[in-house]
2 protein chains.
Amino acid sequence: MDKPTKPRSTRIQREKRELILEAALEVFAQHGFRGATIDQIAEAAGMSKPNLLYYFKSKEAIFVTLIDRLMEAWLAPLREMDADGDPITEIRSYIRRKIEMARDFPRESRLFANEILQGAPRILPLLEGELKELVDEKAEIIRQWIRQGRLKKTDPHHFIFAIWATTQHYADFDVQVRAVLGPDKGGEGRFEDAAAFLERLFLG
Amino acid sequence: MDKPTKPRSTRIQREKRELILEAALEVFAQHGFRGATIDQIAEAAGMSKPNLLYYFKSKEAIFVTLIDRLMEAWLAPLREMDADGDPITEIRSYIRRKIEMARDFPRESRLFANEILQGAPRILPLLEGELKELVDEKAEIIRQWIRQGRLKKTDPHHFIFAIWATTQHYADFDVQVRAVLGPDKGGEGRFEDAAAFLERLFLG
DNA sequence: GCAATTTTTGACCGTTTGGACAAACGTTAG
DNA sequence: CTAACGTTTGTCCAAACGGTCAAAAATTGC
């Protein structure tokens, strides 16, 4: 018994599946689930449609795989918020991480936004279960910080919503942000400006 | 010359077009442009597909009409921000109006969000033109208020972005908001709570 | 080198979709 | 009644779509 009984999926298989997921992320983020076609994803992945369907049994299967992975990364920053840390530092770090995600993973953010906009048909149970529990837990921590006089009084749930909304805005509404800021202020520095602004807004 | 030379469009025509636009708003907001079908819209409007196409020449035409109207209503609240008014009052009113729009016109908000998410293919010129000018103008007013010491120092553009993001969040991400708040706190009072929270956040 | 297995592809299928069209229907004015 | 006009519908079509399948091609294990 040197190895487990499931040596399935070769290195090549894993690589191809990864390639497809990368291409699908691009296409889904830009056109949404219904707007994206298997042909588009296949072309973006540099393979034929039947070939793609050899690795994923349906368009839905690709999407679900993508969004399942996404959720892990999505909740991670909030998970890191530590009750034993300094409130200001913890919240500042959280905002930083969220802005970095908007900058570095805008496609993931848009994919998520798309799913929620359509009524979260595939992840509603997760939102009502895991996400709600996590948020309630962190809200309790914030409430505790407030009781201890270490944080300005505020509604914890709406506080978290506001951080989500403002940070993700820079990924989801990026086109609008750049259009309004114009060529001058719309450069890559906008994420730094946003981070600085948001820290002041939420902690100042 | 009792009447102008263009008596076109009877009352019935206007009513039917209105009926279609109402149905289309519902369908587009829920499924996005690509996800919506003419049949769905026709059924929601209580008429046959060819009949619908008698009033609008294409799916695109319906969408464009809808989004053109929407933009008017969308910019109105910001337009009302008055340089001669009291800064705190003006900003508070703006936030109130935006939250009311999220509560009373969530479908319009989602339609707009959808368009931006897809890269704003149909309204990019408007964003770079009319919207940018309006925001720049109001940003200058805010900057003026700050110079006069009547408002806390802050980046006007990101300040406006933050108001947009947080208020629209309650329409666009409504499913998530309700899932996280749960049955108890997720009732109709959530918009009031949000308004109160946001006033504190932005003005407190 | 060769058989077994995995990967890739061209051709194909049923369904859905946006849209066209002519015929039918209804309404109104003379 | 009827001609003219606006409205409605059944039928049809071509393209796009998600997905299948058998066979070819490439790879792997021996």
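Numbered from 1 within each chain, the chains take letters A, B, ... in sequence-line order.
Distances shorter than 4.0 Å separate none of the side-chain N or O atoms of N51(A) from OP1 or OP2 on dT7(C). Applying the 4.0 Å criterion to OP1 and OP2 of dT7(D), one finds that Y54(B) has a side-chain N or O inside that range. In this model, the phosphate group of dG6(D) is not approached by any side-chain N or O of Q13(B) to a distance below 4.0 Å at OP1 or OP2. One finds a side-chain N or O of R34(A) lying less than 4.0 angstrom from the OP1 or OP2 phosphate oxygen of dT17(C).
In this model, no side-chain donor or acceptor of K57(A) finds a partner on the base of dG19(D) within 3.5 Å. Between the side chain of K59(A) and the base of dG19(D), no donor-acceptor pair under 3.5 Å is found.
Looking at the side chain of K49(A), the nearest of the listed nucleotides dT7(C), dG19(D), dC17(D) is dG19(D). Residue P50(A) places its side chain closer to dT9(C) than to any other of dG10(D), dT9(C), dG18(D).
In this structure, Y55(B) reaches the sugar-phosphate backbone alone: every heavy-atom distance under 4.0 Å involves primed, P, OP1 or OP2 atoms, never a base. Backbone-only engagement by I38(B) is indicated by non-hydrogen atom pairs under 4.0 Å involving sugar-phosphate atoms exclusively. If you check every strand for non-hydrogen atoms under 4.0 Å, A36(B) touches sugar and phosphate atoms only. At a threshold of 4.0 angstrom between heavy atoms, the contacts of A42(B) with the nucleic acid are absent.
Side chain of E192(A) to main chain of G189(A): no donor-acceptor pair is present (N/O by atom type, distance under 3.5 Å, no hydrogens or angles).
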